[in-house]
Amino acid sequence: MGIYLNPDNSRFAKVVNSEIYVDKTELIAYMNHVLNTLQGYICVSRPRRFGKSVTADMLAAYYGKGDSKALFEGLKIAKDETYLTHLNQYNMIFLNMQEFLSRTGSMEEMLALLRKSVLWDLKNAYPDVNYFDDTDLVRSMQDIYAAEQTPFIIVIDEWDCIFREYKKDEKAQKGYLDFLRDLLKDKGFIHLAYMTGILPIKKYGTHSALNMFSEFSMTNPRQLASFVGFTEKEVQELAVKYHRDMAELKEWYNGYQFDGVGAIYSPKSVVEAVLSGICDVYWNKTETFEALRLYIDMNFEGLRDDVIAMLSGESVPVNADSFSNDMVTFANKDDVFTLLVHLGYLGYHFDEKTVFIPNHEIRREFVNAISVSDWGEVSEALRVSARILQAVWNMQPEQVAKGIEQAHFETSHIQYHDENALSYTISLALYAARNFYTLHREFPTGKGFADMVFLPRKKFPDKPAIVVELKWNKSAKGAISQIKEKEYCRSLEEYHGNILLVGIDYDKNTRKHECIIEECEK
């Protein structure tokens, strides 16, 4: 065994032996299916914290020469009919591109170190092969295959690090792509090439060096959707095993949605929350919100309006097809939002072609980024939202109306002409409520639908539920009357705490908000 050729299985063994291991080895069955076919070039792009390296280590342990039978024997792949056929049958070359890049000062130096390192392993493993040119990596692999008839599998982790760290160096990027093409394309001795990173590879200008790859990305994960993160069933099993509140895990970490699979959760965050018993923002343990701030501060028309709408729970349309798959080419807000999908900051509805903030954890990151950005009244409204919530609890309608006015200053440039637009303002003004409540919009209640219902989380039983009815150019009193007449509180009979009724109206003539707060008589 070498360092890069047929590394031992210790990295994957460490994963399997961890307290929480969610078995994703069924992915190997798909890889076995496409081995030595035109579909055997696979690029999987996912955000950080979504298990990219774990999957790469798993493939290296399974395919590479060695003895991994004991490691995989109790896992799901062991039940597949192709399991033993391909177990430890290949010359595996495992490359973490970030490792080589971090140890060198340029793309040329990185590739020189990579070639030298892999050739060292090859010649140590096969000293008796008659090499045509033992300084030529591709030809040396070909010579080994001709002598031994053992195919190669190439796994490349962090494949896109060049495009993330040499963002504007087009020469370096194209040189790197040419290296990968020369290494991988049309090589009969390579039966599978698997690359993983954050960015897709479809297009970098007109250079299509890697057009043989099938892409599985956050905008279209296709057959591999269930392997992107944890499924709802997998999280539910963890919640039962560790006695955690599934509803809270769902609100904090659910939100990525893929056709045929449903909800997908961020693995890193779920593991941290389940082990500690505390739902919190674990996202920024691997990447600060400064990265998000950089993109949402871009001055594209409509970008801020759409972010505000997404903060309030809306989805907004996006054209993801124009994205150049790099981190510097932005023509409009669609390109920014598409990058944020690949970075994991936004979810994507494939059929609807819309983006949205997936969960409470990521919403907190948006708020953190906005709070230190030049977003004027939005930043201030988010900072004072806790005071507005306190005013609701204290039944101080004048203070609530004043806080809503402040939130309206920033959202007023959105077409502020109906109750839906008003709900954006209310969501912004009451953002702090999400720390204590689960927010339901268009909540089915009694004989109709309440505009907004805030139900306290289990850990805050002392907080009252809040039923909000919005009116446009009518009256707050009328909003309260509608809550009572349509018996909105009836559907909350299973909730045994106090309930506050909040009626809010916007008068388009006076441009003032009116608020009335009453306690519900159950």
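You'll find the side chain of R46 reaches within 4.5 Å of the side chain of T55, heavy atoms only. At a threshold of 4.5 Å between non-hydrogen side-chain atoms, the residues L275 and Y242 count as touching. When side chains are defined from C-beta on, M218 counts as touching F258, because their heavy atoms get closer than 4.5 Å. Contact check for Y348 versus L340: no side-chain heavy atoms found under the 4.5 Å cut-off. You'll find the side chain of M310 reaches within 4.5 Å of the side chain of V355, heavy atoms only.
Across all non-hydrogen atoms, the minimal contact from M298 to L303 is O-CD1, 3.8 Å. The two atoms that bring G347 and Y256 nearest to each other are CA-CD2, 4.4 Å, heavy atoms only. For the pair V392 and I517, the tightest heavy-atom approach, listed with the atom from each and the gap, is CA-CD1, 4.0 Å. Contact between S217 and P200 at its shortest, heavy atoms only, is CB-CG, 4.2 Å.
In this pair, W472 and Y506 present their aromatic rings tilted. The plane angle is within the 30 to 60° band. Aromatic ring orientation, W159 versus F163: tilted (interplanar angle from 30° to 60°). Taking the six-membered ring for Trp and thresholds of 30 and 60 degrees, F72 and Y62 have ring planes more than 60 degrees apart, a perpendicular arrangement.
If you check the side chains of Y176 and D160, you find no donor sitting under 3.5 Å from an acceptor. For the residue pair E165/Q98, the side-chain donor-acceptor check at 3.5 Å is satisfied.
Taking S226 as the reference, nothing meets the side chain to side chain donor-acceptor pair (under 3.5 Å) condition, with sequence neighbours excluded. With sequence neighbours left out, the salt bridge (Lys or Arg N to Asp or Glu O under 4.0 Å) criterion links D297 to R293.
In this structure, L192 CG and L59 CG are separated by 7.5 Å, a value rounded to the nearest 0.5 Å. Between R222 atom CZ and F350 atom CZ the span is 9.5 Å, to the nearest 0.5 Å. Distance check: M327 CE to I198 CD1 gives 6.5 Å after rounding to the nearest 0.5 Å. Note that the NZ atom of K353 and the OG1 atom of T219 stand 8.5 Å from one another [nearest 0.5 Å]. One distance of note links CD of E215 with CE of M195; it measures 8.5 Å at 0.5 Å rounding. Note that the CD1 atom of I388 and the CD atom of Q390 stand 12.0 Å from one another [nearest 0.5 Å].
Each of H360, E251, K458 was compared with T438 under the side chain to side chain donor-acceptor pair (under 3.5 Å) criterion, and only E251 meets it. Checking each of Y431, W393, F454 against F436 for a ring-ring contact (aromatic ring centres under 6.0 Å, His included) leaves exactly one that passes, namely W393.
In this structure, E405 contributes its side chain and H513 its backbone to a donor-acceptor pair below 3.5 Å. Of the possible donor and acceptor atoms, one in the side chain of R244 sits under 3.5 Å from a partner among the backbone N and O of V274.
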